[in-house]
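Single-structure report; data block below.
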Amino acid sequence: MQPFTKNVITVIKNIPTGKVMTYSQVAACAGSPRGARQVVRILHTMSEKYALPWHRIVNIKGEITIKDAVHQKTLLENEGIVVTQAFTLNLEQYQYKVEPIDFDL
DNA sequence: TTAGTGACAGGCA
DNA sequence: CTGCCTGCCACTA
């Protein structure tokens with residue numbers, strides 16, 4: 001498995017309940033500042049196999065932009081996160097700042 | 001092989 | 001913040 005993929009999985013699994021991260025934030029932390037799209041792909045591919053909290057990943061605006069937004073909204077609310085009817089949340093309040101992770105750098 | 005697409009983001013108006 | 005445009009990278013037709 002590529003380091004990037006492994007790092008993304010590690011980062012996502014480290015997101016505490018009640019917090020969220022943006023795609024680029026995860027990508028940057030995993031070693032690829034412009035890998036937001038790849039994070040998406042990894043979520044699609046690995047979320048089920050690795051039991052990743054994919055619902056804690058939102059875009060830079062704090063908005064849920066996936067097809068099954070209703071489902072994600074439900075999961076987030078289940079963790080105590082307030083999501084508006086427009087599928088947005090308060091990033092200032094919920095965004096999780098990760099510690100600089102070493103990984104293989 | 002090239003072209004189009006997507007659960008995105010940054011720069012600019 | 002919103003909208004539009006461009007860059008990004010992997011996947012599919």
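Please read all numbers here as calculations on a predicted model, not as lab measurements. Letters A, B, ... mirror the listed sequences (proteins, then strands); counts begin at 1.
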Q: Pull out every residue in residues 88-95 of chain A that has a heavy atom closer than 4.0 Å to any atom of DNA chain B, ordered by number, or say none.
A: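 Within residues 88-95 of chain A, no residue comes under 4.0 Å of DNA chain B.
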Q) Backbone N or O of A:K6 within a donor-acceptor pair of the A:T10 side chain at under 3.5 Å? A)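 Side chain of A:T10 to backbone of A:K6, a donor-acceptor pair under 3.5 Å: yes, one is there.
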Q. Are A:I15 and A:I66 grouped together when hydrophobic residues (ILVMFWY) are joined by side-chain heavy atoms under 4.5 angstrom apart?
A.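 As far as the 4.5 Å side-chain criterion goes, A:I66 and A:I15 are connected within one cluster.
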Q: Find out if a path of hydrophobic residues (ILVMFWY) with successive side-chain heavy-atom gaps under 4.5 Å connects A:V8 to A:I60.
A: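 No; tracing contacts between hydrophobic side chains, which count when under 4.5 Å, never links both residues.
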(Q) Expected output check: what is the dot-bracket annotation of DNA chain C, where ( ) and [ ] are pairs inside the strand (brackets for crossing ones), | is paired with another strand, and pairs are Watson-Crick or G-U under 3.5 Å? (A) .||||||.|||||
Q: Sequence neighbours left out, what passes side-chain contact (heavy atoms from CB on, under 4.5 Å) with A:P16? Give chain and number order.
A: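 Checked A:P16 against side-chain contact (heavy atoms from CB on, under 4.5 Å); matches are A:K19, A:Y96.
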Q) Do A:I57 and A:V26 have side chains that get closer than 4.5 Å, going by heavy atoms? A)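 Yes, their side chains come closer than 4.5 Å.
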Q: Go through residues 73-82 of chain A and report each residue with a non-hydrogen atom lying under 4.0 Å from DNA chain C, sorted by number.
A: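 By residue number: none to list.
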Q | Summary of ring pair (Phe, Tyr, Trp, His ring centres under 6.0 Å) pairs that have at least one residue in residues 8-32 of chain A, sequence neighbours excluded | A |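 Qualifying pairs, neighbours excluded: none.
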Donor-acceptor contacts, no H, no angles, side chain residues 80-88 of chain A, under 3.5 Å, sequence neighbours left out:
residue, atom, partner, partner atom, Å
A:T84, OG1, A:A86, N, 3.2
A:T84, OG1, A:T88, N, 3.2
A:T84, OG1, A:T88, O, 3.4
A:T84, OG1, A:T88, OG1, 2.7

Q | Pairs meeting criterion salt bridge (charged side-chain N to carboxylate O under 4.0 Å, His left out) with involvement of residues 46-58 of chain A, two or more places apart | A |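 Salt bridge (charged side-chain N to carboxylate O under 4.0 Å, His left out) check on residues 46-58 of chain A returns A:R56-A:E79.
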Pairwise N/O distances under 3.5 Å, protein to nucleotides 10-13 of chain C:
none

Q) What residue pairs, at least two apart or across chains, pass side chain to side chain donor-acceptor pair (under 3.5 Å) with a residue in residues 59-77 of chain A? A)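 Sorted pair list: A:D68-A:H71, A:K73-A:E77.
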Which protein N or O atoms sit under 3.5 Å from an N or O of nucleotides 7-10 of chain B?
residue, atom, partner, partner atom, Å
B:dA7, OP1, A:K67, NZ, 3.3
B:dA7, OP2, A:K67, NZ, 2.5
B:dA7, O3', A:T65, OG1, 3.4
B:dA7, N7, A:H44, NE2, 2.6
B:dA7, N3, A:Y23, OH, 2.9
B:dC8, OP1, A:T65, OG1, 2.4
B:dC8, N3, A:R37, NH1, 3.4
B:dC8, N4, A:R37, NH1, 3.4
B:dA9, OP1, A:I60, N, 3.1
B:dA9, OP2, A:I60, N, 2.8

Anything under 3.5 Å between a donor and an acceptor, one on a side chain of residues 37-44 of chain A, the other on a protein residue two or more places apart or in another chain? List them.
none

